Amino acid sequence: MAQPPLPLLLALALGFAAAAKSPYQQVLQHSRLRGRQHGPNVCAVQKLIGTNRKYFTNCKQWYQRKICGKSTVISYECCPGYEKVPGEKGCPAALPLSNIYETLGVVGSATTQLYSDRSNLRPEIEGPGSFTIFAPSNEAWASLSAETLDSLVSNVNIELLNALRYHMVNKRVLTDDLKHGTTLNSMYQDLPIQIHHYPNGIVTVNCARLLKADHHATNGVVHVIDKVIATTTNSIQQIIETEESLETLRAAVAASDLNSLLESEGQYTLLAPTNEAFEKIPRETLNRILGDPEALRDLLNHHILKSAMCAEAIIAGLTMETLEGTTLDVGCSGEELTLNGKPIIANKDILATNGVVHFVNELLIPDSAKTLFELAQESEVSKSTDLFRQAGLSSHLTGSEKVTLLAPVNDVFKDGLPTVDSNMKNLLLNHIVRDQLSSKYLYHGQKLQTLGDKELRVFVYRNNLCIENACIAAHDKRGRFGTLFSMDKMLTPPSGSVMDVLKADHRFSTLVAAIQSAGLTENLNRPGTFTVFAPTNEAFRAMPQGELNKLMGNAKELANILKFHVADEILVSGAVGALVRLKSMQGDKLEVSMKNNIVHINKEPVAESDIMATNGVIYAVNSVLQPQASRPQERGDEPADPALEIFKQASALSKVSQRNPRLAPVYSRLLARMKENSGGF
């Protein structure tokens with residue numbers, strides 16, 4: 001087998017190397033590209049206005065010019081490991097390679113250098129070896145509370161030395177080696193340091209952000225971080241057990257048997273509801289959830305993210321998956337973290353051995369732990385819940401009955417709620433389907449039983465999913481016992497066959513007589529799936545009297561015309577897009593379209609849509625539709641005359657042939673063909 005050429009192998013190797021770049025290196029490379037116009041080794045940096053927080057820029061941030069929703073300014077600095085040279089453009093010179101102690105003073109961590117000297121760490125980081133130090137910036141040390149800083153510097157030989165050694169690893173570790181979710185053993189009692197390397201290029205060390213990375217030294221590498229990190233020995237469960245403000249959460253975790261999960265190895269984020277968060281929930285709702293093991297477990301799993309998410313890694317909105325299988329929108333607004341757009345995180349980045357904890361002051365109740373009433377109240381169907389409550393049907397929306405609520409959206413009631421009487425109550429009962437359904441499992445022709453003992457049909461179309469005349473307007477919401485379908489209109493359950501409905505409506509008395517005269521009554525009474533475009537009495541009156549009399553006196557022609565008004569499939573208005581073609585029972589096509597929210601049939605507007613019958617749907621139309629064969633032919637539809645076509649060709653060529661002798665024979669042959677087809681002029 002032939003070997004690939006060497007240049008190809010090199011290209012592949014380089015390609016794989018480029019693909020293997022870590023997210024941090026990819027962002028750094030983008031910052032280099034944005035800064036290259038200012039000279040070699042210049043990086044573009046985004047700085048949050050009004051703060052000292054700086055970030056290397058990725059493509060999205062560059063164009064948005066925002067971080068956490070706040071405006072930034074662009075500055076240009078030497079990329080890590082380089083410095084300026086007087087009189088030259090950019091940062092052409094690599095930083096002098098020295099030991100870690102000397103490097104600390106060059107890279108913006110002079111305070112760490114000072115404390116290394118005081119704690120007698122200096123000889124070690126000046127001497128031989130291969131170390132990595134995550135060095136807090138000068139600002140990080142300055143941000144410590146006076147009490148914490150005093151406890152460190154008052155006992156430099158023990159506390160400060162131990163703290164600094166916890167920031168060190170006894171090997172050289174570059175950013176490409178800092179893999180997401182890994183731990184490194186520190187040089188203080190081998191206690192672990194947690195590393196998270198996020199897709200947006202942010203790297204955190206015990207939730208402290210890497211500011212400037214990969215500063216090489218003769219005896220190791222220096223990474224500058226934005227916080228002084230502390231040892232972590234407690235699991236998430238232990239944090240819950242020791243924190244007074246999480247007392248209610250502690251009881252809930254114990255009741256749901258989640259203790260073992262929160263003690264186990266892994267990398268989770270717990271959005272821990274405080275006692276205050278639980279107190280904000282109505283007592284009845286809280287008691288219901290706490291007393292329902294399944295709802296309680298869903299509630300708690302909704303507060304646990306599948307991966308550890310440090311606050312410093314969130315510089316824009318992210319969608320995070322919870323253990324419950326749902327998603328939360330985690331974002332930021334300036335210094336505040338947000339959940340689903342709300343700044344409800346009270347305390348962030350409490351590090352645990354198996355993840356991170358953020359305290360939240362509002363309870364996040366998932367749909368799966370809510371009643372139908374609660375789902376509806378928070379959706380675009382809140383007016384429907386008022387209607388069901390007025391009808392005395394609230395128990396079906398708040399209990400443990402397995403049902404599906406077909407709730408019209410609020411726009412349906414823009415002119416006010418209808419009066420609730422016995423008929424309206426019965427209609428509302430037919431908006432509650434027995435069993436808890438999911439729209440993704442509904443199929444065409446499926447029959448649904450309602451609490452009002454009606455049978456509703458499901459219609460699946462290319463552009464819509466409908467139940468009788470109403471179509472689903474939004475994704476369904478699945479609650480603890482019930483599912484909510486938001487519908488685009490009130491349902492009108494069928495009340496009889498097509499013939500029953502036509503006979504009961506005085507507008508169609510002429511049509512009913514015509515159907516009976518044409519012998520089609522049995523057809524429209526039998527089970528089926530008809531769409532009937534039903535001419536009203538007004539439509540028949542609009543016909544010339546002579547034409548109407550002639551039609552009514554010819555049973556065969558009358559049947560032909562009436563069949564043209566019927567299609568053998570159900571098409572409700574919610575399925576009508578720009579144009580839908582139906583084959584009529586007469587054989588010709590019917591063209592159904594939607595213009596200005598009005599259904600049109602063969603370009604004629606219908607007077608009323610979606611009159612439902614057990615075997616079809618009826619549209620009232622104010623004109624009698626005519627099949628194609630019954631219409632006078634338009635000139636454009638006339639068949640072509642071969643002689644005329646030949647004449648046209650000949651005329652076009654005659655003038656040219658007169659000028660060009662070579663075309664004369666062609667012209668002669670055309671004239672001969674014309675004589676053959678027409679018998680001469």
Side-chain angles (χ1 to χ4, degrees), residues 24-25 28 31-32 39-43 45 52 54 56 76-88 90-144 149 152-153 156-178 184-188 193 195 203 205-206 208-229:
Y24 171 85
Q25 290 294 341
L28 182 62
S31 288
R32 280 180 175 273
N41 305 313
V42 174
C43 284
V45 176
N52 287 320
K54 296 179 181 180
F56 293 122
Y76 297 91
E77 301 178 358
C78 291
C79 297
Y82 295 91
E83 64 179 355
K84 291 181 176 294
V85 173
E88 295 193 30
C91 305
L95 286 173
L97 197 63
S98 185
N99 59 55
I100 286 177
Y101 178 80
E102 297 294 338
T103 303
L104 288 172
V106 175
V107 298
S109 191
T111 307
T112 304
Q113 184 187 49
L114 173 66
Y115 289 154
S116 298
D117 199 5
R118 287 190 185 179
S119 63
N120 207 29
L121 181 64
R122 176 176 178 175
E124 187 171 10
I125 59 177
E126 279 185 328
S130 183
F131 310 111
T132 296
I133 183 167
F134 298 102
S137 65
N138 298 332
E139 293 80 5
W141 287 107
S143 67
L144 288 178
L149 192 57
L152 289 172
V153 298
V156 293
N157 293 326
I158 299 177
E159 295 295 336
L160 185 58
L161 177 63
N162 290 343
L164 289 172
R165 289 180 67 83
Y166 182 64
H167 287 72
M168 294 178 64
V169 177
N170 198 14
K171 61 179 179 179
R172 186 186 300 267
V173 183
L174 299 173
T175 49
D176 283 344
D177 304 314
L178 299 175
L184 299 172
N185 291 330
S186 75
M187 291 177 62
Y188 173 61
I193 300 173
I195 304 299
V203 180
V205 181
N206 280 15
R209 179 166 65 93
L210 225 64
L211 300 178
K212 295 181 178 180
D214 296 340
H215 290 287
H216 291 273
T218 55
N219 56 348
V221 63
V222 177
H223 304 291
V224 180
I225 57 177
D226 71 345
K227 291 185 182 71
V228 178
I229 61 175

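All of these numbers come straight from a predicted model, not from anything done at the bench.
Residues Leu144 and Leu152 have side chains in contact (heavy-atom distance under 4.5 Å, counting atoms from C-beta outward). With a 4.5 Å cut-off on side-chain heavy atoms, Leu211 and Lys54 do not count as touching. The shortest distance between side-chain heavy atoms of Thr175 and His223 falls below 4.5 Å. Looking only at side-chain heavy atoms (C-beta outward), Ile195 and Val205 come within less than 4.5 Å of each other. Side chains of Asp226 and Glu139 form no contact here, defined as non-hydrogen atoms less than 4.5 Å apart. Proximity of His215 to Val107: side-chain heavy atoms (C-beta onward) are separated by under 4.5 Å at one or more points. No side-chain heavy atom of Leu121 sits under 4.5 Å from any side-chain heavy atom of Tyr101. With contacts defined as side-chain heavy-atom distances shorter than 4.5 Å, the pair Leu95/Tyr82 does not qualify.
A pairwise comparison of heavy atoms in Ala110 and Asn138 identifies N-OD1, 2.9 Å as the closest pair. Nearest heavy-atom pair, Met168 versus Ile193, reported as atom, atom and distance to 0.1 Å: O-CD1, 4.3 Å. Closest approach of Cys79 and Val42 over heavy atoms only: SG-C, 3.4 Å. Contact between Ala94 and Glu83 at its shortest, heavy atoms only, is O-OE2, 4.0 Å. The two residues Ser116 and Ser119 have their closest heavy-atom pair at O-OG, 3.4 Å. When all heavy atoms are compared, the tightest approach of Thr112 to Ile133 is CG2-CD1, 4.3 Å.
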If you apply the rule side-chain contact (heavy atoms from CB on, under 4.5 Å), what do you find for Asn170 with Asn185, and how did you get there?
CA-CA 8 Å; Asn170 198 14; Asn185 291 330; over 6 Å; no

Ile125 and Leu104: CA distance, side-chain angles, deciding distance, side-chain contact (heavy atoms from CB on, under 4.5 Å) verdict
CA-CA 10 Å; Ile125 59 177; Leu104 288 172; 4.1 Å; yes

Could you go step by step and tell me if Phe131 and Val169 meet the side-chain contact (heavy atoms from CB on, under 4.5 Å) rule?
CA-CA 6 Å; Phe131 310 111; Val169 177; over 6 Å; no

Could you go through the side-chain contact (heavy atoms from CB on, under 4.5 Å) check for Lys84 and Cys91 one step at a time?
CA-CA 4 Å; Lys84 291 181 176 294; Cys91 305; 4.0 Å; yes

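Heavy atoms of other residues, nucleotides or ligands lying less than 6.0 angstrom from NZ of Lys227 number more than 12.
Here the CG atom belonging to Asp177 is positioned 7.5 Å from the NZ atom belonging to Lys171, to the nearest 0.5 angstrom.
Disulfide check for Cys43/Cys78 fails, with the SG atoms at least 2.5 Å apart.
Between His167 and Phe134, a ring centre-to-centre spacing not shorter than 6.0 Å is recorded.
Here the side chain of Asn99 pairs no donor or acceptor atom with the backbone of Asn219 at under 3.5 angstrom.
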